[in-house]
Amino acid sequence: MSYFTEAIDRIKAKFYTYDEFPSLDRHLLPADSLKRALAVKESDLEIYSANLKGQELEGLLLDLVSTKDDAEVQRAIKIICLRISKRILKLIAKLTQYHFRSYGIDKLRKGVSHSCDIAAFPNERFLNAFGPTDDLVNALTQILLKKNTNIQEIYAYYDIYDKSPLAYASSFMFFSRCDKTGFLLNYDYLADLIRFFQPKKAIPIVSHYLNSMTLIEYDDTINNIIAEKFGQPYTSVEWEPFSKDLRDKFAQWNYLQRLKHHCESNQKKFRILLQYLPEVRTNYEIAEINALVIDFGAFVIVDITDRPDAFLYEKNLFETEMRNWQSDQESLPTFLDKKKEPLSAREFMLSTDDAPCIKLTFEGIHYYYVEEIMDIKFGYEPDMRKHHITTR
């Protein structure tokens, strides 16, 4: 180890915050503090405790993170009660927030609460409130649910670091159970939590959020994080554990956001396509041609920004044309090939043909044909074209 590295370590060992203490490298403090304390005779313990240096006492606390020996824990509790101070209690509180699943730290927290006079330190709110608690995460979660306010304010009151493992575990349970108000007041923290957890782990809080809020109440930042982490509901395996209703709901939100941006210059187009929001399965953009692809299941609409026309495809034909285009750039799909002339909306309505691709024009009288075709395709209205022909 170089002189420079040793100097840095000496500085680290002397200057660290309460929140840095739980993650402090153990070698920076005196070694084997707990084992040496256990070797002291009971009759000599008071003198031994009084002579312990601060760093030795703090090393003893860190040793408890990994111990499962009840004798070591009980000896540590006795020493701490003899050396109790505001600083020591604060360090125990921080250790608990980071290592609440540790056998040694869990026993220490409960033992100190029962055996030491922590009530003499009323400003140590965390240990006074949660010291003797058996289920720490559940106890904190119940407070969060009862208060149902900004959870970071509650964490600040109890001096809980809001990115500690205890805070994340309790917040996870809170966001799995809270009502709508709990989400509305804590969007920033919810965003951090979804980013932190892997998709599979985050499913309970994402599912509860999507269930609790209506489509117009969804927060764009939260939903964009969900989209980034989980992908699209009908194209990503990350959505398989979710119900169809939630998949559809999120797909509709995603479609609405894209549609608003895509149709800024054509409100007629926006109004018609918005009507079919419940039918959307997924949507995506072809960035290089500024096209929005809207997948309705059996049908697909392709719309290029700033054009009055869009194209309604049977899905099989659309997928075939896209594969051909990807393998041969000169094999243009219908929506890009000006040489191809699919039926217009008006021509479709005046014929009896079932066209696999229809050109939809959102201007003039054609606007009304578009809406009628869409209603037929999605079963909102019966197809009366053949009926009219046969009854003439």
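As the structure is a prediction and not an experimental result, all values here were calculated from the model.
Judged purely by atom type and a 3.5 angstrom limit, N128 uses its side chain to pair as donor or acceptor with the backbone of E124. Distance alone, capped at 3.5 Å, is enough to place a donor-acceptor pair between the H99 side chain and the P22 backbone. Distance alone, capped at 3.5 Å, places no donor-acceptor pair between the S212 side chain and the Y209 backbone. Between the side chain of S23 and the backbone N or O of E20, no donor-acceptor pair lies under 3.5 Å. Here the side chain of K229 pairs a donor or acceptor atom with the backbone of F197 at under 3.5 angstrom. Panel note: side chain D25, backbone L28; no donor-acceptor pair is recorded below 3.5 Å. Although no hydrogens or angles enter the test, the distance criterion places no donor-acceptor pair under 3.5 Å between the side chain of K107 and the main chain of I77. Of the possible donor and acceptor atoms, none in the side chain of S170 sits under 3.5 Å from a partner among the backbone N and O of L140. Between the side chain of Y218 and the backbone N or O of L210 there is at least one donor-acceptor pair closer than 3.5 Å. A donor-acceptor pair under 3.5 Å is absent between the side-chain atoms of T282 and the main chain of Q232, judged by distance alone.
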Chi angles and distances behind the side-chain hydrogen bond (donor to acceptor under 3.5 Å, both in side chains) call for Y380, E279:
CA-CA 11 Å; Y380 295 176; E279 307 295 341; 2.8 Å; yes
Go through F311 and F318 one step at a time and tell me if the ring pair (Phe, Tyr, Trp, His ring centres under 6.0 Å) criterion holds.
CA-CA 10 Å; F311 293 82; F318 172 73; over 10 Å; no
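Hydrophobic clustering, with ILVMFWY side chains joined whenever heavy atoms are under 4.5 angstrom apart, groups I84 together with I105.
Taking a cutoff of 4.0 Å between a charged side-chain nitrogen and a carboxylate oxygen, D192 and R195 qualify as a salt bridge. Salt bridge absent: D245 and K249 never bring a charged side-chain N and a carboxylate O closer than 4.0 Å. Salt bridge absent: D106 and R101 never bring a charged side-chain N and a carboxylate O closer than 4.0 Å. Of the charged side-chain nitrogens involved, at least one lies within less than 4.0 Å of a carboxylate oxygen, so that K244 and D248 count as a salt-bridged pair. The pair K180-E217 meets the salt-bridge criterion, with a side-chain N (NZ, NE, NH1 or NH2) lying under 4.0 Å from an Asp/Glu carboxylate O.
Considering only residues two or more places apart in sequence or on other chains, D159 meets the salt bridge (charged side-chain N to carboxylate O under 4.0 Å, His left out) condition with K90, K94. The ring pair (Phe, Tyr, Trp, His ring centres under 6.0 Å) search around F250 returns W239, W253, not counting sequence neighbours. In this structure, C357 has no disulfide bond (SG atoms under 2.5 Å apart) partners at least two apart in sequence or on a different chain. For E72, the side-chain hydrogen bond (donor to acceptor under 3.5 Å, both in side chains) test picks out T67, with sequence neighbours left out.
Of all heavy-atom pairs spanning S102 and V65, the tightest one is OG-O, 2.8 Å. The two residues T133 and R109 have their closest heavy-atom pair at O-NH1, 2.8 Å. Shortest non-hydrogen contact noted between R247 and F242 is NE-O, 4.0 Å. Annotation for D309 and K269: closest pair O-NZ, 4.3 Å, computed over non-hydrogen atoms. Of all heavy-atom pairs between L60 and L34, the closest is CG-CD1, 3.9 Å. Of all non-hydrogen atoms in L127 and L89, the two that sit nearest each other are CD1-O, 3.4 Å.
Considering OG1 of T305 and NE2 of H262, their distance stands at 4.0 Å, rounded to 0.5 Å. Rounded to the nearest 0.5 angstrom, I304 CD1 and I289 CD1 are separated by 4.5 Å. Atoms CD and OG, from Q152 and S171 in turn, are 8.5 Å apart once rounded to the nearest 0.5 Å. Residue N186 holds its CG atom at 8.5 Å from CG of L144, rounded to the nearest 0.5 Å. Between atom CG of residue N266 and atom CD of residue E363 there is a gap of 7.0 Å, rounded to the nearest 0.5 Å. Note that CG of L61 is 7.0 Å distant from CD of E58, once rounded to the nearest 0.5 Å.
With hydrogens and angles left out, the side-chain atoms of E46 and S49 include no donor and acceptor closer than 3.5 Å. Defined by atom type and a distance below 3.5 Å, a donor-acceptor pair is present between the side-chain atoms of E321 and Y313.
No side-chain heavy atom of N283 sits less than 4.5 Å from a side-chain heavy atom of L259. When side chains are defined from C-beta on, I79 counts as touching L45, because their heavy atoms get closer than 4.5 Å. Between L52 and R83 there is a side-chain heavy-atom pair separated by less than 4.5 Å. Taking the side chain as every heavy atom from C-beta outward, E347 and S344 approach each other to under 4.5 Å. Considering only heavy atoms from C-beta on, F335 stays 4.5 Å or farther from D303 through its side chain. In this structure, the side chains of L343 and K359 stay at 4.5 Å or more apart for every pair of heavy atoms. Residues L95 and L91 are not in side-chain contact: their nearest non-hydrogen atoms beyond the backbone lie 4.5 Å or more apart. Contact annotation: the side chain of F230 approaches that of I203 to within less than 4.5 Å [non-hydrogen atoms, C-beta and beyond].
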Can you give me every donor-acceptor pair (side chain of residues 369-379, partner residue at least two apart or in another chain, under 3.5 Å) with its distance?
unit_1	atom_1	unit_2	atom_2	d
E371	OE2	Q275	NE2	3.1
D375	OD1	Y276	OH	2.8

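For the pair K163 and Y155, the cation-pi test (distance below 6.0 Å, angle within 45°) is failed. Relative to the ring axis of Y234, R281 places its NZ or CZ within 45° and under 6.0 Å from the centre.
Ring geometry, F175 versus F183: the interplanar angle falls under 30°, so the pair is classed parallel (tilted spans 30 to 60°).
Residue Q267 places its CD atom among more than 12 non-hydrogen atoms of other residues, nucleotides or ligands, all under 6.0 Å distant. Within 6.0 Å of the CD atom in E330, the count of heavy atoms belonging to other residues, nucleotides or ligands does not exceed 12.
Of the listed residues (Y284, F299, Y255), just one forms a side chain to side chain contact (heavy atoms under 4.5 Å, CB included) with I294, and that residue is Y255. Partner D63 forms a side chain to side chain donor-acceptor pair (under 3.5 Å) with one of K35, R36, R26 and no other, that one being R26.
Residue Y98 is found in a hydrophobic cluster whose other members, listed by chain and number, are Y161; membership requires side-chain heavy atoms under 4.5 Å apart, directly or through intermediates.
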